[in-house]
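The next block holds one structure in the form of structure tokens; read it before the comments.
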Amino acid sequence: MEKIKESVDFIQGKTDVKPEVGIILGSGLGPLADEIEGVRIPYGNIPHFSVSKVPGHKGNLVIGELEGKKIVAMQGRSHYYEGHSLEEITYPVRVMKELGAEILMVTNAGGGINKDFGSGDLMIITDHINFMGANPLRGRKEFIDMTFAYDKELVELTAKIASEQGIEMKEGVYIAVCGPSYETPSEIKAFEKIGADAVGMSTVPEVIVAKSLGMRVLGLSCITNMAAGILKKPLSHKEVIETTKKVEEKFKKLVREIIKRID
Ligand code: HPA
């Protein structure tokens, strides 16, 4: 709590904006934050924030206005696979909540497991499977209900906006793995059997912490590639970033409208 206060005091020293919505922009999805009018603070300057060094992640906290809403955006996130603890990677969620955010929108790049999906699709996360083998609340003895982890009204709002914008939106279950190696084809087959539609290396820890803080959560995945073994070709981080570039305009338009109408 002491640490959070230090981070919050530092941020509030740079802006008077009290954000209502927090958004985490995943791999390649950061450009939206450039459109926010407000202040940009590199993570490295904020007390107790960890810095991500993954290509495609800028590493700024951006606080300001977009579509008439006060928001705080993470332009890039740090990951468990970089060696940070789950406590460290979820710390910014605690700070966003303390700054005032009651809603958390999490975005990520993911591999498509569901064979109806294709590269470049967007998926609303309706539920998740934590396959990281660890939990960010470990040590806290908080038995958080996860039955309604992803807010039904926000899922419906997003589906409605997507349909208005002519986007063929997918919905499904996101499974989180540790990474950083991609999965084997056998792992993907197993994940399909246990009910996963997309796989990625983030998001679930942040969602668990957001729920423990009583926040409403919306999750969006950009399907950047089909998961291992589905298309019988190798996967690469380059492909992931290239796909996010292709969907950038569609993604930004959708998210801007969600922010406008979310409450
Ligand atoms: N697997 C795991 N994480 C990912 C993938 C994938 O195929 N694509 C983007 N992030």
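Counting starts at 1 for both ligands and their atoms, in listed order.
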How close does the nearest protein non-hydrogen atom get to atom 3 (N) of ligand 1, and which residue and atom is it? G200 CA, 3.4 Å
Is it the case that the side chains of S78 and Y43 hold a donor-acceptor pair, with the cut-off being a distance below 3.5 Å and no angle test? no
Protein contact of atom 7 (O) of ligand 1 - nearest heavy atom, named by residue and atom, plus distance: N225 ND2, 2.9 Å
Value for NE2 (H84) from NE2 (H79), rounded to nearest 0.5 Å, stands at 9.0 Å
Which heavy atom of the protein is the closest neighbour of atom 2 (C) of ligand 1, given with residue, atom name and distance? E183 OE2, 3.3 Å
Is the shortest distance from a Lys or Arg side-chain nitrogen in E87 or R138 to a carboxylate oxygen in the other one below 4.0 Å? no
Mind checking whether L235 contacts ligand 1 via backbone (N, CA, C, O), side chain (CB onward), both or neither, at a 4.0 Å heavy-atom cut-off? side chain
Taking 4.0 angstrom as the limit and counting only heavy atoms of T224, give me the atoms of ligand 1 inside it, by number and element. 8 (N), 9 (C)
So which heavy atom in the protein is nearest atom 10 (N) of ligand 1, and how far is it from that ligand atom? A109 O, 3.3 Å
List ligand 1 atoms under 4.0 Å from V240, heavy atoms only on the residue side. 8 (N), 9 (C)
Applying side chain to side chain donor-acceptor pair (under 3.5 Å), run through D34 and Q75 and close with a yes or a no. CA-CA 9 Å; D34 294 331; Q75 195 170 33; 3.1 Å; yes
For ligand 1, which atoms have a heavy atom of M201 less than 4.0 angstrom away? 2 (C), 3 (N)
Would you sort out whether K160 and E156 count as a salt bridge (charged side-chain N to carboxylate O under 4.0 Å, His left out), showing the intermediate values? CA-CA 6 Å; K160 183 160 182 278; E156 280 165 11; over 6 Å; no
Tell me which protein heavy atom sits closest to atom 5 (C) of ligand 1, plus the residue, atom name and distance to 0.1 Å. G111 N, 3.4 Å
Counting only heavy atoms from other residues, nucleotides and ligands, does the tally under 6.0 Å from CG of D263 exceed 12? no
Hey, are N225 and S119 close enough side-chain-wise for a donor-acceptor pair under 3.5 Å? no
